[in-house]
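Read through the structure below, which is laid out as structure tokens, and then see the notes.
Letters A, B, ... are given to chains in the order of the sequence lines, protein chains preceding strands, and every chain is numbered from 1. Just so you know, these numbers come straight off a predicted model, no measurement behind them.
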Amino acid sequence: MLGTPEESLMITVHPLLFDIAKIAESGQCFRLNETAENTWTLVALGKVLRIVKRENGDYDFSCGRSEFDAVWKHYFDLDTDYENYYAKIPASDRFLTKAARYSSGIRILNQDPWEMLITFIISQRKSIPAIRTSVEKLCERYGNRIRYRKEIFYSFPSPEKLARAGTDGILACSVGYRAPYLYHASRAVFSGELDLKRIGGLGDGELKEVLLSLYGVGIKVANCVMLFGYHRINAFPVDVWMERMISEHYRGLFPAEKYEGFAGIVQQFIFFYGRTYAGTRKLDKRAALR
DNA sequence: TGCCAGGCTTCAC
DNA sequence: GTGAAGCATGGC
């Protein structure tokens with residue numbers, strides 16, 4: 001029996017400074033999961049992509065060259081030379097140097113602004129595993145079915161689907177008090193009152209202003225949407241982990257102006273380092289005190 | 001079982 | 001303008 005086209009397509013690449021495991025755990029995307037040893041499955045842009053990491057560092061992407069070049073190369077930000085960013089971190093900042101080294105391979109993905117808006121409204125006061133759960137419920141309930149290698153996945157729901165779901169429908173996805181926020185955003189986009197493509201043409205300041213005008217979107221969520229949905233790499237989201245790191249290592253004041261133009265990338269290094277490495281140590285300490 | 005989580009809106013003052 | 005209270009619910 002002949003396989004489907006998707007089964008027969010594969011491309012092998014070896015991007016520099018690219019680590020899919022770290023990206024999956026970096027807190028910027030919630031639908032990239034390690035589904036088997038050295039194998040990750042991504043649902044994004046209405047597609048399913050499987051990525052396998054080989055022992056020699058090569059990556060197999062389950063798509064053809066044309067799709068890789070047209071879609072995924074940009075999605076994973078593979079045209080950007082991250083070496084430039086690492087080079088700009090002064091050795092005098094030992095903490096940031098360590099965090100950047102630890103986070104080496106993370107890239108800021110080019111994700112869908114609509115998905116980022118909804119996902120990061122959900123994210124407030126939720127842990128990353130809990131965000132994944134809510135997002136997945138939302139997709140299963142209101143997304144489109146995608147059949148891939150005999151498995152069923154679900155695309156991210158459209159603004160129309162969520163707007164028609166209403167607050168009660170959205171509430172069934174474990175989003176709690178955020179349901180009205182999600183409903184309002186969905187209505188705004190579906191009605192055309194908020195044109196996510198058009199605002200992509202605005203400058204950073206104006207873009208942030210528009211995002212902040214949405215019910216349920218504050219400074220943190222606006223910065224996340226800017227960084228992860230509009231690739232405004234100077235956006236600098238500060239959550240409880242960032243506050244913790246800044247408090248511990250910068251006496252409460254991070255010199256973001258030193259990293260003008262790419263502060264968001266530096267932020268991602270600190271966040272990832274804080275939440276995984278330093279965060280684990282913190283948990284270990286707690287366990288030791290019990 | 002209780003605490004915490006990629007925060008925001010509302011309401012006193 | 002500023003600070004505190006209240007908010008739903010899953011994961012550990």
Under the side-chain hydrogen bond (donor to acceptor under 3.5 Å, both in side chains) rule, collect the residues that match up with A:D112, sequence neighbours excluded. none
Could you list the donor-acceptor pairs under 3.5 angstrom formed between side-chain atoms of residues 185-193 of chain A and any protein atom two or more places apart in sequence or on another chain?
unit_1	atom_1	unit_2	atom_2	d
A:S186	OG	A:L182	O	2.7
A:R187	NH1	A:Y183	OH	2.9
A:S191	OG	A:R187	O	2.9
A:S191	OG	A:A188	O	3.1
A:S191	OG	A:E193	N	3.2

Determine the interatomic distance between P on C:dG11 and the same-named atom on B:dC8; round to the nearest Å. 22 Å
Just call it for A:F228: base, sugar-phosphate, or nothing, with non-hydrogen atoms closer than 4.0 Å on any strand. base
Whole-Å gap separating C1' (C:dC12) and CZ (A:R275): 13 Å
With sequence neighbours excluded, what pairs up with A:D195 under the salt bridge (charged side-chain N to carboxylate O under 4.0 Å, His left out) test? none
Taking any heavy-atom pair under 4.0 Å as a contact, classify A:G27: base, sugar-phosphate, or nothing. base
Spacing of A:N110 atom CG and A:Y230 atom OH [to the nearest 0.5 Å]: 12.5 Å
Considering only Ile, Leu, Val, Met, Phe, Trp and Tyr, and joining two whenever side-chain heavy atoms are under 4.5 Å apart, list the other residues clustered with A:L253. none
note: A:E115, atom CD; B:dG6, atom P; distance rounded to Å ~ 18 Å
Is the ring pair A:Y86/A:F269 parallel, tilted or perpendicular, if the boundaries are 30 and 60 degrees? parallel
Rounded to whole angstrom, note down the P distance from C:dG10 over to B:dT9. 23 Å
So if I take residues 120-137 of chain A and measure heavy-atom distances to DNA chain B, which residues fall below 4.0 Å? A:F120, A:S123, A:Q124, A:R125, A:K126, A:S127, A:I128
Whole-angstrom distance between C:dA4 and B:dG6, as gauged at atom P: 23 Å
Would you find more than 12 non-hydrogen atoms of other residues, nucleotides or ligands less than 6.0 Å from A:E257 atom CD? yes
Partner residues of A:E151 under the side chain to side chain contact (heavy atoms under 4.5 Å, CB included) criterion, sequence neighbours left out: A:R50, A:F153
In this structure, how many angstroms lie between the C1' atom of B:dG6 and the CD atom of A:E25, rounded? 14 Å
Could I get the full list of side chain to side chain contact (heavy atoms under 4.5 Å, CB included) partners for A:Y215, not counting sequence neighbours? A:P180, A:Y181, A:H184
What pairs of donor and acceptor atoms, side-chain ones from residues 120-131 of chain A against any protein atom, are under 3.5 angstrom apart with sequence neighbours left out?
unit_1	atom_1	unit_2	atom_2	d
A:S123	OG	A:F120	O	2.8
A:Q124	NE2	A:I121	O	3.2
A:Q124	NE2	A:G216	O	3.2
A:K126	NZ	A:S134	OG	3.4
A:K126	NZ	A:S174	O	2.9
A:S127	OG	A:A130	N	3.4

Got a sec, which residues hit side chain to side chain contact (heavy atoms under 4.5 Å, CB included) with A:K47, two or more places apart in sequence or on another chain? A:E67, A:V71, A:W72
Heteroatom pairs (N/O) under 3.5 angstrom, protein to nucleotides 10-13 of chain B:
none

Is it the case that B:dG7 (base atoms only) and A:E243 (side chain only) share a donor and an acceptor within less than 3.5 Å, ignoring hydrogens and angles? no
List, one per line, each side-chain donor-acceptor pair under 3.5 Å for residues 13-33 of chain A, sequence neighbours excluded.
unit_1	atom_1	unit_2	atom_2	d
A:H14	ND1	A:D58	OD1	2.8
A:D19	OD1	A:A21	N	3.0
A:D19	OD1	A:K22	N	3.3
A:K22	NZ	A:Y102	O	3.0
A:K22	NZ	A:S104	O	2.8
A:S26	OG	A:I23	O	2.7
A:S26	OG	A:Q28	NE2	3.2
A:Q28	OE1	A:L109	N	2.9
A:Q28	NE2	A:R107	O	2.7
A:R31	NE	A:E136	OE1	3.2
A:R31	NH1	A:Y154	O	2.9
A:R31	NH2	A:E136	OE2	2.8
A:R31	NH2	A:Y154	O	2.7
A:N33	OD1	A:R132	NH1	2.8

Give the residues of residues 164-185 of chain A touching DNA chain C, defined as any heavy atom closer than 4.0 Å, sorted by residue number. A:S174, A:G176, A:Y177, A:R178
Classify A:L214 by what it touches in the nucleic acid, base, sugar-phosphate, or nothing, heavy-atom distance under 4.0 Å. sugar-phosphate
Would you kindly give the CE-to-P distance between A:M245 and B:dA5, to the nearest whole Å? 11 Å
From CD1 of A:I106 over to C1' of B:dG6, roughly how many Å is that when rounded to an integer? 14 Å
Please work out if A:V217 contacts a base, only the sugar-phosphate, or nothing of the nucleic acid, heavy-atom cut-off 4.0 Å. sugar-phosphate
Sugar-phosphate only, base, or nothing, as touched by A:S26 at under 4.0 Å among non-hydrogen atoms: base
